[in-house]
Amino acid sequence: MTIDVIAIDGPTASGKGTVASLVAQRLGFHYLDSGALYRLCAYACLKHGVDLADEKGCGAAAAGLEPVFKDGRIFLEGEDVTETIRQEAVGIAASKVAMLPAVRAALLDVQRAARKAPGLVADGRDMASVVFPDARLKVFLTASASARAQRRYKQLIDKGISANLRDLTRDLTQRDERDRQRAAAPCIPAPDAHLLDSSGLTIDETVAAVLAWWKRLAA
Ligand code: DC
């Protein structure tokens, strides 16, 4: 029996992580944050001085990753990296290593191994197109660049991290371009994905829209 997957893809700060984990909670499904794997790989490269354009070196770092997920925390080589990998600098580095086919290939099996009963909600850029092309429901979640920059700004300020809206908008736009233009698994909607623009929606409304599509499929 195939295990159901709900794929939620979209650009940075589109809210897909929050939405995907809430949908998973509501359905009692597992949740895969695939971006965390690219962030872990980028962090390992930065820590060990691997050039982010060195495909062989970054691919080896991705293949050698042994993260431990425990009680909501993420450990790498014994270090608690839960907050560190969320930093903007690591996100930017993640978007660079994510361009390398060797890195993407090395992370494929780990992502597919997350498909466990009773089901999986997976968020990322290529969940619907590459990792789980047979996902039962595919959603491409987006929001305008200014709405996403505002959200990211608020998140950082709420965490007590200083931030500058203009710099955030610039970094986010550059990351979007890199994620969309790359040859390997670009961040574009799968042909059979439902498009959802959350610019004017609350998190609850966005979650409700995904659950409504799911209910219709399950009916
Ligand atoms: O979703 P995120 O911001 O945590 O992802 C960080 C970077 O990782 C993002 O800029 C692109 C890359 N990524 C990817 O290429 N494919 C995925 N499935 C998830 C993330």
Side-chain angles (χ1 to χ4, degrees), residues 5-21 23-24 31-46 52-53 55 58-59 61-62 65 67 69 74 76 81-115 120-133 135 138-143 145 147-149 151-153 155-156 159 161 163 168-190 193 198:
V5 175
I6 300 178
I8 303 186
D9 290 304
T12 191
S14 56
K16 61 192 177 343
T18 312
V19 170
S21 73
V23 169
Y31 166 56
L32 170 68
D33 168 10
S34 65
L37 297 173
Y38 288 92
R39 287 172 181 269
L40 285 165
C41 173
Y43 179 69
C45 291
L46 293 171
L52 300 179
E55 178 159 11
C58 294
L65 279 182
F69 298 87
I74 309 176
L76 195 65
V81 295
T82 318
E83 276 86 30
T84 318
I85 63 161
R86 297 294 153 197
Q87 288 171 4
E88 283 304 293
V90 180
I92 292 167
S95 141
K96 291 184 179 163
V97 297
M99 292 169 70
L100 307 170
V103 169
R104 307 201 70 85
L107 296 180
L108 209 49
D109 285 350
V110 196
Q111 295 174 85
R112 291 194 173 140
R115 186 174 195 161
L120 176 72
V121 183
D123 99 57
R125 306 291 190 288
D126 60 343
M127 296 298 99
S129 53
V130 177
V131 183
F132 303 109
K138 300 179 178 183
V139 178
F140 193 84
L141 185 64
T142 190
R148 291 185 287 124
R151 285 179 194 164
R152 178 57 55 83
Y153 179 78
Q155 272 171 5
L156 291 171
K159 281 191 207 155
I161 302 170
L168 279 176
T169 311
R170 186 202 54 216
D171 290 349
L172 182 138
T173 311
Q174 283 175 356
R175 241 170 94 182
D176 280 356
E177 274 307 291
R178 203 162 34 231
D179 292 348
R180 212 172 20 224
Q181 301 287 344
R182 68 181 179 220
C187 179
I188 48 173
S198 71

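Numbering of ligands and ligand atoms starts at 1, following listing order.
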Show which atoms of ligand 1 fall inside a sub-4.0 Å distance from at least one heavy-atom site of [X].
X      : answer
Lys16  : 1 (O)
Met127 : 18 (N)
Gly124 : 18 (N), 19 (C)

So do the side chains of [X] and [Y] get within less than 4.5 Å of each other, counting heavy atoms only?
X      : Y      : answer
Phe69  : Asp33  : no
Val130 : Leu108 : yes
Cys41  : Leu65  : yes

If you take all heavy atoms of Leu168 and Leu156, which pair is closest and at what distance?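 Between these two residues, the closest heavy atoms are CD2-CD1, 3.9 Å.
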
For Thr12 and Arg175, which I'm curious about, is there any donor-acceptor pair between the side chains at under 3.5 Å?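 A donor-acceptor contact under 3.5 Å links the two side chains.
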
Are a donor atom and an acceptor atom from the side chains of Ser198 and Arg151 found within less than 3.5 Å of each other? yes

Can you check whether [X] has an N/O within less than 3.5 Å of an N/O in ligand 1?
X      : result
Arg175 : yes
Asp179 : yes
Arg104 : yes
Asp123 : no

Nearest option to atom 20 (C) of ligand 1, as decided by whichever heavy atom of Ser95, Gly35, Ala93 sits closest: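 Residue with the shortest heavy-atom distance to the ligand atom: Gly35.
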
What protein heavy atom sits nearest [atom], and how far away is it?
atom                    : answer
atom 7 (C) of ligand 1  : Ala94 CB, 3.7 Å
atom 1 (O) of ligand 1  : Arg125 NH1, 2.9 Å
atom 4 (O) of ligand 1  : Arg39 NE, 2.6 Å
atom 12 (C) of ligand 1 : Ala98 CB, 3.6 Å
atom 19 (C) of ligand 1 : Ser34 OG, 3.4 Å
atom 8 (O) of ligand 1  : Tyr38 CB, 3.4 Å

Could you establish whether Arg182 and ligand 1 come within less than 4.0 Å of each other, counting only heavy atoms on the residue side?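 Contact present.
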
Location of contacts on Glu88 toward ligand 1, heavy atoms closer than 4.0 Å: neither

Can you tell me if [X] uses its side chain to pair, donor with acceptor, with the backbone of [Y] under 3.5 Å?
X      : Y      : result
Asp171 : Ile92  : no
Asp9   : Met127 : yes
Gln181 : Glu177 : no

With side chain to side chain donor-acceptor pair (under 3.5 Å) as the test, pick out the partner of Tyr38 among Lys96, Arg104, Arg125. Arg104

